[in-house]
2 protein chains.
Amino acid sequence: MRIGELAERSGLSRDAIRFYETRGLLESHRSPNGYREFAADAVPWLAYVRTAQRLGFTLAAIAAHGAELREAPDSAAALSALFAEKIAVVDAKMSELAVLREELAERAVTGCPLRPEQQ
Amino acid sequence: MRIGELAERSGLSRDAIRFYETRGLLESHRSPNGYREFAADAVPWLAYVRTAQRLGFTLAAIAAHGAELREAPDSAAALSALFAEKIAVVDAKMSELAVLREELAERAVTGCPLRPEQQ
DNA sequence: GTAAACAGTGGAGCGCGCTCCAAGGTCAAG
DNA sequence: CTTGACCTTGGAGCGCGCTCCACTGTTTAC
C-alpha cells in the first residue's frame, strides 16, 4: 500500500505518516520508483498509536515500546512481560484519573469552588 | 504571597506561574511596588491544574473551566453541573484507557505483536 | 502528448508549554 | 551605602507534533 491509501485508511495525513516514519514509529520499504510501500497491518498499528497518543503517551514512548516488541525474543513470555509493563502504566493513569474524579465529585457535592479567590 | 513563595509551595517555576497568569489560569493583584500578590488558595488550585494537565487536559481547557466557575452563579446546583460535566470528560478518558488496557491484555495473552510487520 | 493525480525531498512555520536571558527596579541586612 | 535576594518586563529559544509550501519526479487517464 502506498502512502495515500494508508493516509485514507488510517485517517492520518501523508505528512503525519512521513513524520511518524522519521520518528521510528513506522517502517516502510521503497518501490523501485522511490515510493514508500506499507504493509497492511500498518493500519491497525496506526490506530493503536493514535489511541495511545490521545491518552497521553508521547510518540517517543510509543516508538520505544514498538522497538522493544520488534527486538523482543519471540517467546510469548517475553511479549507478555512487555504488555504487562504497558498495562501497569495504563493502570497508573487510570488511578490518577480516579483520584481526580473523586476530587471533582467531592467538590461538586460541597460546592467548594476549587479556584483562586480574589485577594 | 509573592511569586517566589508560591513557586516554592506549588513546586512550579516563577516563569511557569507568570506564564499561567498570561493564559488566564491564575489571577493576582499588584502591590504598590508592582510585585504580584497571590491568594493562599492559589496553592491547591495550582495542584489541581497540574494534575488535570498531567492527565491530558490542555491549559486552555483548564483555564476555560476555571473561568466558567468564576462566572457561574453561586448556586450549588450550577457548580454541581459544571463539575458533573468535567467528571463526564474524566469518565470518558477512563473508558478509553480501559479499552486500551483490554487491547493490550488480549495481545499479551495471544502473543500478537501489535506492530508493523516487514513487507 | 498532455493533464491530473499521485509520489518524493527539504525547509519554514506554528501552537503548546514552557525555560532562559538581559536589563533593570525594590527592599532588608550589615 | 553597598550587597544580595527578590521582583519586573520583554524577547529569544526549545522540544513536541505536526502542517504547509515549493519544487521535482512518476503514473494514469484521456
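Residue numbers start from 1 in every chain, and the chains themselves are labelled A, B, ... in the order their sequence lines are given, proteins ahead of strands.
Regarding contacts with the backbone of C:dT9, a side-chain N or O of A:R36 is found under 4.0 angstrom from either OP1 or OP2. For C:dG17, the OP1/OP2 oxygens have no side-chain nitrogen or oxygen of B:R54 closer than 4.0 Å. Applying the 4.0 Å criterion to OP1 and OP2 of C:dC18, one finds that B:Y20 has a side-chain N or O inside that range. At the phosphate of C:dC18, OP1 or OP2 sits under 4.0 Å from a side-chain N or O atom of B:Q53. Contact annotation: A:S13 reaches the phosphate of D:dT19 (side-chain N/O to OP1 or OP2, under 4.0 Å).
Put simply, A:L59 and A:L26 are part of the same group of oily side chains (I, L, V, M, F, W, Y) that touch within less than 4.5 Å, one to the next. In terms of hydrophobic clustering, with Ile, Leu, Val, Met, Phe, Trp and Tyr side chains grouped at heavy-atom distances under 4.5 Å, A:Y48 and A:F19 are assigned to a common cluster.
For the pair B:R23 and A:G4, both in contact range of DNA chain C, the more 5′-proximal nearest nucleotide belongs to A:G4. Along DNA chain D, the nucleotide nearest B:I3 and the nucleotide nearest B:D15 are compared for position; the residue whose nucleotide lies closer to the 5' end is B:I3. Of the two residues contacting DNA chain C, namely A:R30 and B:R50, the nearest-nucleotide position lying further toward the 5' end is that of A:R30.
Distance A:L59 CG to C:dC16 C1': 14 Å, rounded to the nearest Å. Atom pair B:F19:CZ and D:dA12:P shows a separation of 16 Å (rounding to whole Å applied). Atom CG of B:L25 and atom P of C:dC16 are 12 Å apart (whole Å). Atom pair A:R18:CZ and C:dT9:P shows a separation of 7 Å (rounding to whole Å applied). Between the P atom of D:dC16 and the CD1 atom of A:I62 lies a distance of 13 Å, rounded to the nearest Å. To the nearest angstrom, P of C:dC6 lies 16 Å from CZ of A:F38. If you measure from atom CG of B:L12 to atom C1' of C:dG17, you get 12 Å, rounded to the nearest angstrom. In this entry the distance linking CD1 of B:I17 with C1' of D:dC6 reads 14 Å, nearest Å.
In this view, A:S10 satisfies the side chain to side chain donor-acceptor pair (under 3.5 Å) rule with no residue, not counting sequence neighbours. With sequence neighbours excluded, no residue forms a side chain to side chain donor-acceptor pair (under 3.5 Å) with A:R23.
At a threshold of 4.0 angstrom between heavy atoms, the contacts of A:S31 with the nucleic acid are absent.
A distance of 14.0 Å separates CZ in B:F38 from CH2 in B:W45, rounded to the nearest 0.5 Å.
Around the CD atom of A:E5, the shell of radius 6.0 Å holds more than 12 heavy atoms that belong to other residues, nucleotides or ligands.
Salt bridge status for A:E96 with B:R54: present, with a side-chain N to carboxylate O gap under 4.0 Å.
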Nucleotides 22-30 of chain D: protein proximity per nucleotide (B base, S sugar-phosphate only, - neither; heavy atom, under 4.0 Å) | ---BBS---
